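Notes for the one structure printed next.
We count ligands from 1, going down the list as the structure has it; atoms in each ligand are counted the same way. Fair warning: this is a prediction, and the values are worked out from it, not measured in the lab.
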Amino acid sequence: MAMRMTTDARIKIAVQKSGRLTDHSLELLVRCGLSYSRGKDQLICYGENMPVDVLLVRDDDIPRLVQEDICDLGIVGLNIIEERRLELISQGEKELFSEVGTLDFGQCRLSFGLPAGVPFEGPQQLQGKRIATTYPRILADYLKRNGVEAQIVAFSGAVEIAPSLGKADLICDLVSSGSTLRAHQLYEAATILESRATMIQTPKALVGEKARWLQRLLLRIQGVLQVKESKYIMLHAPRSALKAITALLPGSESPTIIPLEGRDDKVAVHAVCRENVFWETLEQLKEAGASSMLVLPVEKMLA
Ligand code: PRP
Ligand code: ZN
């Protein structure tokens, strides 16, 4: 086990151990073709068919693990990336991790939560207030940009109890469904950061075989994200309506036009749509003259 860890040729990816990003992150890697076995301690997933290992860690540790080149890649929320980025910059650190791309899960917001019944009239209202948060740097940055001075009460968790304990007037915390806020008689007043799961990469350049594998993995990730939205659509179209019909196909570049045996007036149109195809689109296509429509999911895609 330790042997494999020290082999530098393997790509190490840091993923949240347990939380909102865990399942989606592992699923993404599996869809990229990775099969793995989980170590006894459950903290490392060893890739069996690719030189890729997944380290399951606390999400707050992920930016540091990647910035210090202990892991080559990390999947973590933009909220945590941003907080850590501001911290590193304030420490004069030059070599940060780089953001490779935004993923399609882990959507949430960093927002102000105010006690129910207290209206929010804009940033100026925060002047002199006590705000509890686990994101002191993002909050400080926001207050500074808005020319407001407030007292930041730093918490390491369970921020939502601060107002009822009398420790803060309001909070600044992550909101997803909003149920945590509601359960504590708070409401979401304003958002200061929209967050999503994001892939980050070590500042150190990778070389050789490892660099090639990283490139392959990143292309596969792109492919996985693309196919989720993509559909393959087939339909029959009157030649006279071909232009109108192809214009209606969402996010498709150049459809394939195939003649229909024994028909001069109609052709078959096959196209990859890079956006989801909804019922409304099919109805519009029908209106434009299309018939025999078939929409299929796309399994894999490689540019
Ligand atoms: C955040 C936040 C709330 C909860 C909000 O914590 O601190 O507790 O999510 O989600 P909701 O709007 O769906 O109720 P998170 O799960 O990120 O855990 P952590 O802060 O301990 O990392
Ligand atoms: Zn956390």
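- Under a 4.5 Å side-chain heavy-atom criterion applied to ILVMFWY residues, the cluster that includes Y232 comprises V227, M234, V272, L294, L296, V298, M301 as well.
- Within the structure, side-chain hydrogen bond (donor to acceptor under 3.5 Å, both in side chains) contacts touching residues 292-303 (residues at least two apart or in different chains) do not occur.
- The side chain of D173, and not its backbone, has at least one atom closer than 4.0 Å to an atom of ligand 1 (non-hydrogen atoms only; side chain from C-beta on).
- Inspection of the E188 and S111 side chains reveals an N or O donor paired with an N or O acceptor under 3.5 Å.
- Using a 4.5 Å heavy-atom cutoff, the side chains of V148 and Q124 are in contact.
- For the pair L285 and I233, the minimum side-chain heavy-atom distance is below 4.5 Å.
- Residue S179 has at least one nitrogen or oxygen atom sitting less than 3.5 Å from a nitrogen or oxygen atom of ligand 1, judged on distance alone.
- The shortest N or O to N or O distance between G178 and ligand 1 is below 3.5 Å.
- The proximity of T134 to ligand 1, defined as any non-hydrogen pair under 4.0 Å, does not occur for either the backbone or the side chain.
- Counting the atoms of ligand 1 from 1 in the order shown, those under 4.0 Å from a heavy atom of D59 are 22 (O).
- At least one N or O atom of S177, backbone or side chain, sits closer than 3.5 Å to an N or O atom of ligand 1.
- Under the 3.5 Å distance criterion, with hydrogens and angles disregarded, a donor-acceptor pair is assigned to the side chains of T202 and D69.
- Near V175, meaning under 4.0 Å from one of its heavy atoms, ligand 1 places the atoms 12 (O).
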